[in-house]
Every structure is written in C-alpha cells, then in structure tokens.
Amino acid sequence: MSDFKLSAQLKGHDADVRAVLFPAADVVLSASRDRTVRIWRRTKTTPIEFDASITTQGHDYINALSFLRPFSGYKDGLIVSGGKDTIIEVRKPTSTPDENAERLLIGHAHNICALDVSPKSTWIVSGSWDGHARVWNVGKWEAELVLKHNNGGSVWTVLALDENTVVTGCADSKIRIFDLRRNNAGEVEPRATISTPEVVRALAKLPTGIRGHPSGGEIASASNDGVIRLWKLNGQQVGELHGHESYIYSLGTLPSGEIVSSGEDRTVRIWRGKECIQTITHPAISVWSVAVCAETGDIVSGASDNVVRIFTRVQDRVADTETLAQFEESVKASAIPQQQLGNTINKESLDRPDWLQTHAGAHDGQVKTIREDDESIGAYQWSMSQQKWDKVGTVVDSAGSSGRKAQYQGKEYDFVFDVDIEDGKPPLKLPYNLSENPYERATKFLGDNELPLSYLDSVANFITENTKGATIGQQSQATGPDPLGTDSRYRPDQPQTTKKNLPHEEFVTMTQIKFDPIQRKLLKLNEGLIESGNKHLALNPDDTKALADLIQTLSSGKTSNLPPAGVNIVLKVITEWPYSDRLAGLDLFRILVTSPTVASLEKPANVIQLVLRSTLETDGAVNENMVMMALRAIANIFTSDAGRAVAASQADNVVSALERISGVDGNPVGAQNVNLQIALATAAFNYACLGYKSAKSANGAVGADVLTLLCNVIAQVLRTQGDAEVLYRALMAVGTVLAIPGTDDYKKAVKDLGVDDAIREALQKAPEARVKDVAQECLAFLR
C-alpha cells in the first residue's frame, strides 16, 4: 500500500488547531484556540480546494469536536463543540456565528476536553477537567447520566464504543469502561478499570472480526510516555507500539485496520500491526489532532502552526508538485528546540552528512542529528518505505541556553514561553529569568492572567522542566543569565525552599462569559413575556437597544463608564421578571458587579442583597443555577475597593446565606451541582482573604465571629463534597482564616465546631496532591 502524501493545506485559523473531524469526503471540521469552529467544504477536485466558513465564534478556546450524523429534523447533521467556557454547543453545519445554537448543554464545571457521539447519534458523551464524564440525550438535550470516576482527575478522552458502552481515559492513568444500562439514579459506576503506566490522552476503537487488528485488541490507548497500548476489554494488554518521542494527543483507525496517531513530536504516524510504516513530520511543534474519513481513508491533522492538512494515498487527490515541494521545504526549515530532542547534544561528537549515505535507520521515524557543513545541527528522519533520510529541521538553542535574551513587553528575559493551559499550561506568554524562583514567577503569571491557583504546581514544574536545557553551552561565570550559577538555581524538590500555599492574599474572580448567547436568551424571554400578555414587564425597543449597548461595552473588556440605561435593564430583569426567567440576567449581572459604580449601588438595594433576594426568595423550589450565579456575583464583587466595602458590610448576611446553601442547618441547595459548590467555595475564600488582609491592616473589616461561622460553612463543604477543585478552594479558604496571626481564641472555637475533623476527612478523600498539601498546612495551623 502506498504512502500518504499531502492533499491540501487549509489555512484560515489564527491560532492552534486543537480538534479536527472528517465526517464526509467533501467536508472537514476544525476547532481552534482562535475561538472558532470552521467547516471546510471542497469546491474543486483538481487541484483540491476547500472553502471555509465559521459556524461558531466563541469567547474562549475551543478544544473538542464531534459530529451527529443526519437524523430526523437535521438533514445535515449537527456539529458538537466544547472548550474552556464549560459549555457544549450544538449547531447546524449551515449556521453562522450570529445565529442561535440549536442547544447549549450546561453541566460541566471546567474545560471540556473530549467529546464523542454514539454510533446511532442517540447520545453525546463529554469529558472534562472537572473529573466527570457526562452522557447527554440527543432530543431531550439534557445530561441523563454521570459516569463516576471516583476522583480520577481530568477525563482527557472519551470513546463511544457502542450504543451501550463508553470508555474513558483519565489523568490518574486509568481506563474505565462503563455499561450505560447499569445506571443507578442517573449515575454509572465503571464495570471495569484498566490501570496503565501513564496519563491516558487518547483512545480509539480497533476493528474486530475478519478485518480485526492482528493483535486481537479491541481498543487502543495513548499516553504521555509516547507509547500506544492495545487492550482487550477484559483488561488484558496485547501489544505496545513504540516510536513517538513525546506526548501522544490523538488516535484514529483507518478503514484498512491501521492505526493513525499524532503528538508533541511534530508527527502523524501510521501503524500496521505493531510496526510504524510511515511518519509524516509537520512544520509545527505539536500535532494536536488527527481524524480519518471513513469514506475515503484520507486523514486530516490539526497542528500548532494554525493549519489543517489533508493527506491521501490516492494519486488523483495528491497536491500539485509545487505544493508538495513547499510543504517539504517548510518541514526542512523548521527550528527544533534542543530540549525537544531529549538528551544533551554534544556538537563536536556528531556525525557529518556523509554518514547518512552509508547508514540506514532502525525504524520508520527514527531521528538522527547531523553536524552540517555550515556548522548548524540538522535533524534527519528515516523513511522506511523510501529507504532514505529526510531533513525535518534545524536544531536550535533556547534563548536561555545560548545566552541570548528574549524580549517581552519591553523587558529582556532568558525565556518567554508559550504555555498551554489545556495540558495544565495556558497558551499565554510566560516570561522567566533563570535567577527567579519558578513558584514566584508562576504565581505572578496566574494572577496576571486571572487563572486559578490550582495550576500553580503545573506551571512551576513546567518552568523547571523546560529550563533544564539552559545549561547546554552556558557560561559558568557570573556574567551569564544566572549570576549564582545553575547549581544555585531554585528547584522545587529542594525542601528548604518549598513553596507554601497559605496564606493567600489575592482575591479570586469568576468572570469567564459568552455575551452573545446571553443577549439572545434575554431577547427570546422578552418575546415570551410579550406573547404571554406581560407587556408591562417586557423590554421596549429602547430598552433592547440599551441592553445591546451595554453588552457591546462589556464585550470590549470595559467595566468603567457603563451605560446607566443598560445597567437598569439588567436590574429590572433580575428583580421584576418572573423567577424562572432571571438566570441570563444574573449571568450578566455577575460581570456588572466588577464595576465600582455598579458595586456601589444602593437602590433598590445593595448588590449583595439584590442577588440573594433575586435567587433565594421564592414561593417554589430554589433554582440552583441561579444561586450559583448569585454566588459568582458575590465572588466578583471583591474586584474593586468599593465592592470589598459592600462585601464587608454584608458579611453577616452572606454567611447566613452560605449556611443555608451549604446545608449547615439541613436541606442544602445544589449539593450535587459542582459549579455551584465551586462558586460557594470561591465566595467563602474571598471573605477569608478579606478577613486576613483586614486583620493585617487592623481595620476590622470582617470580625472573628463571622470568620468562625464561615469556617463552619467550609467544614460542611469539606464533609459533603468530593470534587478536587471544590475541596482545594474550600481548604484555601479555611487555611487563610487559620493563618491570621494572633487568633488563638477563635481557633479554639473552630476546633469546637469540628472543623479540624472536616479537614482530616478532606485529606483522606483528597483526589490530588495539591489538595492534600493544603489540608496538611491547615492542620499545621491547628496544632
């Protein structure tokens, strides 16, 4: 069988392409960090050309894609996408960004990193950083099942194996197999669990029967160690595929039964049996995703250079000679960071180019470094099918390893990293000097980019790991980037410099939002008010224009000088509209409270009274999602000095509300709603932080009695919740209170309330090391 060759390069995305699909011979789907989903339709066959249109324009990174095949009412099928904003969006392929989505599926608490659909398109399965996988009914458009992972960490990959079976891969290095027919009150425990040596990044179904994989395996998994493992569903491992040199991010299966994979080593690889038969190197750092067209056997890849590429084995679909040559040259011209090749490179000991003429590679994809005639270091890759070495780039030093400085915001640094948050490292600029403490730089990075403290260890470890290569070629004298020498550089495994979590003095906000869906929802609800005869509550044309002006101002990132008319419209929605119609208004209001002007409002009541009354005072059942929005608003009010003053004046009322919501006195609100529990823990943390800061300045903004009761609320959360992020934020809150100096009296009161036992309980069930670490610090304060 012939090799795959480039068929087309689809350019248009402005950032990394994180997910691709190939649902039909003439259609490709892609999702990107540029916050778009694009559909590419083939318009010419000779040469092959595709035209793109944007179906989704989000407000945050989009990481996952799936596709529902055509079914009743949807002759073109439906595109399913998800990402950092935690919302799963379901759209027609013909839709445009300014049109409403068919459905928005809400339930996850963190970044959605995996999606798949059942073979008959009857349900969608999603995986998230929140440690849960959910199964959503197609038609009812609601989460029918939660797949229990028992604190397994992020669910990185999901596979709809058949109509009754889901397989997941997680950060705890386990593969879990779920029989959806075994649900108990909407929850499903795994019927089998397979332990693997590494974090599971990708899964694929292997063909069975007469065209089955020669290993007899039923599924394939890929991991951080660069190994593809083949499994039977009974947990028996029947093979390993070695060849990738870094993380593997994506897997697929060709109609021929061959496996296709992509990863951090810049390659797409084709595997026949247990042998890699072709390696396709890309001019990019990462090949995030690969997918197969079942009709044609062609493959599509999405990479960190923003390009979607199609590869084919059919000569009629191969790109023209000029395009092929350009692709080959772009690969040759790639700059490969020295640390990506792993081992330290001693330039003087490298072979010269003539070595390539007399030696063959051991396997397809093997990389050999050569000292070129111009004294640069070339990287060459062995092609088993062509029996030759192909140049795949030039090895370069990092800024830190060569002594060259990198510029960022007018300053010089040894390194300026692009850090990818989906893999625990956000795709943002991270400047770093070798003389800095990685934890201090990581803390500043998270604060500057409004990222949660839960990423602290990941970012600090990323810095340490990616500066190890800085010693290559570095001068040891004090004139280098690190005047103390590299042996003196901070390393997190040295106990004498261990970074403590507590106390923490920076407030946490919850301001991620999509404005367009909120605006459309409010207008749709407004139409409903008019149709139901409630015109006295409805917005008139001037009101809708004021609302649009307000949202346009917020979309630009401005919260100062907000249009008063628009603010008043939102106040009307959350106080006068029917209780069941207030959610979208509350979602908007939680952003408004970051404005000092809005935070200072006193009529019809202060903002905290407004959100509590609007959500908790009802004759019927309390809507837990509205309560979640109220808690997010309370957390966000700490953004400004004016807001913190209001928060301090309302501390008693807020703690009373938190007691009710957490169930201190029985009948909790949203005990199973992880989003609500995170918002509750965040609001509690911000009050703890305010108490700590006010105690340091001796202004008494929050009294010891309030903080003691707050700890009692937190203890209830620690006893009843198991989500890692909830426990982490709750422990950070109680630990910050306990860190207040000179508070022995109320520490005794805290012990009398049993808070120490609640901390120990959290320690026992803590799903992640960061949670255990904070719990231990909390207990140390109580000794």
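Keep in mind that the numbers below use all heavy atoms, side chains included, and drop hydrogens, waters and symmetry copies. Numbers here are sequence positions counted from 1.
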Q) Is the closest side-chain donor-acceptor distance between Tyr74 and Glu102 under 3.5 Å? A) yes
Q) Say you draw a straight line from CG of Asp543 to CG of Asn568; how long is it, rounded to the nearest 0.5 Å? A) 9.5 Å
Q: Would you mind checking if Arg317 and Asp298 are paired as a salt bridge, meaning a charged N to carboxylate O distance below 4.0 Å?
A: yes
Q. Going by atom types only, do Thr96 and Glu99 share a side-chain donor-acceptor pair under 3.5 Å?
A. yes
Q.
Taking atom CG as the centre, does Asn184 end up with more than 12 heavy-atom neighbours from other residues, nucleotides or ligands that are less than 6.0 angstrom away?
A. no
Q) Which value, rounded to the nearest 0.5 Å, describes the distance between Ile574 atom CD1 and Met626 atom CE? A) 9.5 Å
(Q) For Asn636 and Thr509, which I'm curious about, is there any donor-acceptor pair between the side chains at under 3.5 Å? (A) no
Q.
I'd like to know if Glu142 pairs up with Lys140 as an ion pair, taking the criterion as any Lys NZ or Arg NE/NH1/NH2 lying under 4.0 Å from an Asp or Glu carboxylate oxygen.
A. no
Q.
When you compare the side chains of Glu144 and Asn137, does any donor N or O come within less than 3.5 Å of an acceptor on the partner?
A. yes
Q | Ser126 side chain to Trp136 side chain, donor-acceptor N/O pair below 3.5 angstrom | A | yes
(Q) For the residue pair Arg201 and Tyr247, would you count it as a cation-pi contact if the rule is NZ or CZ under 6.0 angstrom from the ring centre and within 45 degrees of the ring axis? (A) yes
Q.
Check for me whether Arg191 meets the cation-pi criterion with Phe178, that is, NZ or CZ under 6.0 Å from the six-membered ring centre and within 45 degrees of the ring axis.
A. no
Q) Does NZ belonging to Lys545 count more than 12 external heavy atoms closer than 6.0 Å? A) no
(Q) Whether the Thr682 and Arg729 side chains hold a donor-acceptor pair (N or O, under 3.5 Å, no angle test) is what I'd like checked. (A) yes
Q: Say whether Asn625 and Asn673, considering side chains only, have a donor N or O and an acceptor N or O under 3.5 Å apart.
A: yes
Q | Polar contact flag, side-chain donor to acceptor under 3.5 angstrom, Asn111-Asn63 | A | yes
(Q) For the residue pair Arg38 / His13, report whether a side-chain donor-acceptor contact shorter than 3.5 Å exists. (A) yes
**Q.** Leu583 CG to Ser614 OG distance, which is reported to the nearest 0.5 Å
**A.** 12.0 Å
Q) If you round to the nearest 0.5 Å, how far is CD of Glu218 from NZ of Lys205? A) 9.5 Å
Q. Just by distance, with hydrogens left out, do Trp288 and Asp16 show a side-chain donor and acceptor under 3.5 Å apart?
A. yes
Q. Does any donor atom in the side chain of Glu163 or Thr122 lie under 3.5 Å from an acceptor atom in the other side chain?
A. yes
**Q.** Main-chain N/O of Ser262 paired with Tyr249 side-chain donor or acceptor, under 3.5 Å
**A.** no
Q. Under 3.5 Å, side chain of Thr86 to main-chain N/O of His110, donor-acceptor pair present?
A. no
Q | The single option from Val17, Val300, Ile39, Thr36 passing side-chain contact (heavy atoms from CB on, under 4.5 Å) against Ser30 | A | Val17
